[in-house]
Amino acid sequence: MGSTALGGAAPARAGLAPKSGVLGSTFKPCGGFKLKTTTKVGRSSVCVRVSIASSPQKQYSPKTSAVKSGEEVRIAVLGASGYTGAEIVRLLANHPQFRITVMTADRKAGEQFGSVFPHLITQDLPNLVAIKDADFSDVDAVFCCLPHGTTQEIIKGLPQQLKIVDLSADFRLRNINEYAEWYGHAHRAPELQEEAVYGLTEVLRDEIRNARLVANPGCYPTSIQLPLVPLIKAKLIKLSNIIIDAKSGVTGAGRGAKEANLYTEIAEGIHAYGIKGHRHVPEVEQGLSEAAESKVTISFTPNLICMKRGMQSTMFVEMAPGVTVSDLYQHLKSTYEGEEFVKLLNGSNVPHTRHVVGSNYCFMNVFEDRIPGRAIIISVIDNLVKGASGQAVQNLNLMMGLPENMGLQYQPLFP
C-alpha cells in the first residue's frame, strides 16, 4: 500500500474519519475471505464538531520507520461493536494523529456507529461493514477486537504492510501446543505466532517498538504481571506459593448476551468462575516464567463482581530470605518511577478501582502480611483501558514511533 500526502488541510476531526463515497467496488480473495477494493470518487459532507486535537496535514507512509509530527495514521477497528472496540473509538477521539477509516461489525453491518453506541454519536465515523466487505487500501494500522478463536485466520489474510494490535487471546501464548490445550483447537496461523510480540508495554517496550504484530495482554495478566515481573526478576520473592485473588467488572465478560451475566444473576453478589483453570493462567505463567527463567506455577481465582468496569488483583507472595516488605516497595518504586501509567501509592494507601476508572493507569501498593515472611500486593486497573484498549493504543503509539502517551492522558473519573 502506498500512502500519499493529502496536500491540504485535513477535515475538522479529533482523530476520526469522515465517511467516503465509493464507486466501482470489486473483491479480491485474501486468506480465506475477501477484501474489498474501491475507487474513491469523493467525500460526504463533514459534521463540524469541537476538537482539541490538531489536524494532521499529510498521511503516514509505511516506507518510513516512524510517523512524523503532523502525519495521519489511518486506522481500522475490526469488531467495533464490542466493548473494547467502543473504547478504542472513545480513546482515539482525543488522538491527534490516528484517524479511523474502517470499522467492521458483521451483525451490525450497514449501521452507523452512533446508533450502536449513542454515547459516541458526536464522532464522524465510517459506517460499520462486514469484515468481508472491508477495504484495507485506505488503512495503515489495525486494532483487532474480534472474539477469541476468530482472529488468527483474519489477521493471516490482512495486507502484510499493516501494523496490527490484536486484543484477543489468539497470539498471546507463544507455544502453539499450549494454545491448543487451553483453547480447544489447533492454532490456525503458527507462522504468525512466531512473529507476534507480547504487548505488556512497560516490560517489553523495545520488542513492541519494532513489531508488526502485537498480542495485547489480557486484563487479569496485565494487573498481575506489572507488579510481579519486576519482583521475580530481582529474585525478591519465591517462585512457589504465589496465590492470586482477582475481581473484575462485568464488562470483562464481553458484550455478548449470556444468561450468567444478566443483572438478576450478578446483582448483589460476587461470583467465582474458572476455578479449575482460567484461560489467563497460562498467559500469566508464561510471563512470570520468562522473568524467572524457570517454570512458575500460580494459584489463581477470578471473580465477577457487580460493577461495570474495573479490576483488582490481590497477590499473596512469600519473600526471599532476608527480604522485607520495604525492599519490595523500594524495588517497585525504582522500577516504575519514570513510568507515566504505572503508579506505586504512598505509605499505607490502598489502591481502589474507583480511582482508575476511565484511565490507562495501574495503581499498586505492597503490604505486610500477618504471616511472617509473606507480603500482599494489590493492583488495580480499568479492565477496558489499561487492561485492553488503552494498552492497545499505547502499544500502537510505540509501533508507529509516536509518544507513548499520545491520546491517553484521560484522567480517572471520580466519583
Side-chain angles (χ1 to χ4, degrees), residues 84 87 91 165 167 172 198-205 208 214-234 237 242 244-249 251-252 280 283-284 287-288 291 298 300 302 305 307-315 317 328-347 349-367 375-398 404-414:
T84 57
E87 199 70 355
L91 295 173
V165 180
L167 282 78
R172 292 174 187 162
Y198 187 67
L200 190 61
T201 318
E202 285 78 12
V203 175
L204 293 164
R205 183 172 278 120
I208 294 164
V214 164
N216 212 60
C219 45
Y220 286 125
T222 295
S223 65
I224 294 166
Q225 291 179 91
L226 285 174
L228 291 191
V229 164
L231 299 179
I232 287 175
K233 283 185 175 180
I237 60 175
I242 297 175
I244 303 163
D245 177 72
K247 300 174 177 66
S248 174
T251 51
H280 281 164
E283 182 182 344
V284 173
L288 301 187
I298 61 171
F300 172 68
I305 63 175
M307 64 182 186
K308 291 180 287 186
R309 52 164 93 203
M311 174 169 288
Q312 175 179 309
S313 290
T314 304
M315 292 148 275
V317 300
L328 302 188
Y329 183 92
Q330 290 301 322
H331 186 70
L332 288 174
K333 182 178 180 181
S334 63
T335 297
Y336 291 118
E337 200 158 20
E339 294 289 347
E340 180 159 359
F341 295 121
V342 181
K343 301 297 180 185
L344 190 65
L345 301 189
N346 294 324
N349 288 325
V350 179
H352 295 295
T353 57
R354 65 180 180 271
H355 294 151
V356 295
V357 169
S359 77
N360 198 49
Y361 293 113
C362 173
F363 288 175
M364 63 179 72
N365 209 344
V366 185
F367 304 91
I376 301 170
I377 304 165
I378 298 175
S379 75
V380 295
I381 60 173
D382 184 320
N383 58 292
L384 289 181
V385 191
K386 186 59 172 170
S389 303
Q391 188 159 218
V393 173
Q394 191 178 355
N395 283 329
L396 189 58
N397 281 337
L398 267 177
E404 198 172 303
N405 62 0
M406 186 173 281
L408 288 173
Q409 292 176 305
Y410 292 89
Q411 293 303 293
L413 299 172
F414 182 84

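H352 NE2 to L345 CG: the interatomic distance, rounded to the nearest 0.5 Å, is 9.0 Å. To the nearest 0.5 Å, atom CD1 of residue I224 and atom CD1 of residue I381 are 9.0 Å apart. Atom CG in L332 sits 12.0 Å away from atom CD in E337 (nearest 0.5 Å). Rounding to the nearest 0.5 Å gives a distance of 9.5 Å between CD1 of I242 and CG of L231. If you take CD on E339 and SG on C362, they are separated by 11.0 Å, rounding to the nearest 0.5 Å. Taking CG from N397 and CD1 from I208, the interatomic distance works out to 11.5 Å, rounded to the nearest 0.5 Å.
Here the side chains of V203 and K233 are in contact, with some heavy-atom distance below 4.5 Å. In this structure, P351 and Q312 have side chains that are not in contact, with every pair of non-hydrogen atoms separated by 4.5 Å or more. Within the 4.5 Å cutoff, the side chain of I376 has no heavy atoms near those of the M315 side chain. Inter-residue side-chain proximity for I237 and L228 is flagged as met; some heavy-atom pair is nearer than 4.5 Å. In this structure, the side chains of L328 and Q330 stay at 4.5 Å or more apart for every pair of heavy atoms. In this structure, P217 and Y198 have side chains that are in contact, with non-hydrogen atoms separated by less than 4.5 Å.
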Inset, instruction - Begin from the C-alpha positions of H280 and R172 and carry the test side-chain contact (heavy atoms from CB on, under 4.5 Å) through to its verdict. - result: CA-CA 10 Å; H280 281 164; R172 292 174 187 162; 3.5 Å; yes
Legend entry - side-chain hydrogen bond (donor to acceptor under 3.5 Å, both in side chains) between N349 and N365, intermediate numbers included: CA-CA 7 Å; N349 288 325; N365 209 344; over 6 Å; no
Inset, instruction - Report the C-alpha distance between S359 and Q411 in whole Å, list the side-chain angles of each, state the deciding distance to 0.1 Å, and finish with yes or no for side-chain hydrogen bond (donor to acceptor under 3.5 Å, both in side chains). - result: CA-CA 6 Å; S359 77; Q411 293 303 293; over 6 Å; no
Legend entry - Stepwise side-chain contact (heavy atoms from CB on, under 4.5 Å) check, M406 with Q394: CA-CA 8 Å; M406 186 173 281; Q394 191 178 355; over 6 Å; no
Inset, instruction - Please lay out, stage by stage, how Y329 and L344 fare under the test side-chain contact (heavy atoms from CB on, under 4.5 Å). - result: CA-CA 8 Å; Y329 183 92; L344 190 65; 3.5 Å; yes
Legend entry - Stepwise side-chain contact (heavy atoms from CB on, under 4.5 Å) check, M311 with D382: CA-CA 6 Å; M311 174 169 288; D382 184 320; over 6 Å; no
Inset, instruction - Dump the intermediate steps for side-chain hydrogen bond (donor to acceptor under 3.5 Å, both in side chains) on Y361 and E340, then the final yes or no. - result: CA-CA 8 Å; Y361 293 113; E340 180 159 359; 5.1 Å; no
Inset, instruction - Take E202 and K386 through the test salt bridge (charged side-chain N to carboxylate O under 4.0 Å, His left out) and record every step on the way to the result. - result: CA-CA 11 Å; E202 285 78 12; K386 186 59 172 170; 3.0 Å; yes
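Put simply, the side chain of T84 never gets that close to the backbone of S389: no donor and acceptor are under 3.5 Å apart. With N383 contributing its side chain and G310 its backbone, the two residues share a donor-acceptor pair below 3.5 Å. No side-chain donor-acceptor contact under 3.5 Å links N360 to the backbone of L408. R309 places no side-chain N or O within 3.5 Å of a backbone atom of L384 that could act as its donor or acceptor partner. No side-chain donor-acceptor contact under 3.5 Å links R205 to the backbone of L200. With hydrogens and angles disregarded, no donor-acceptor distance shorter than 3.5 Å links the side chain of T201 to the backbone of N395. Under a 3.5 Å cut-off, the side chain of N216 and the backbone N or O of V165 do not form any donor-acceptor pair.
Ring pair F300/Y220 is perpendicular by interplanar angle, where above 60° counts as perpendicular and below 30° as parallel.
Aromatic rings from H355 and F414 are positioned such that their centres are separated by under 6.0 Å.
The shortest non-hydrogen separation linking I377 to P227 is CG2-CB, 3.8 Å.
Using modelled atom types, one finds a donor on one side chain and an acceptor on the other under 3.5 Å when comparing T222 with Q391.
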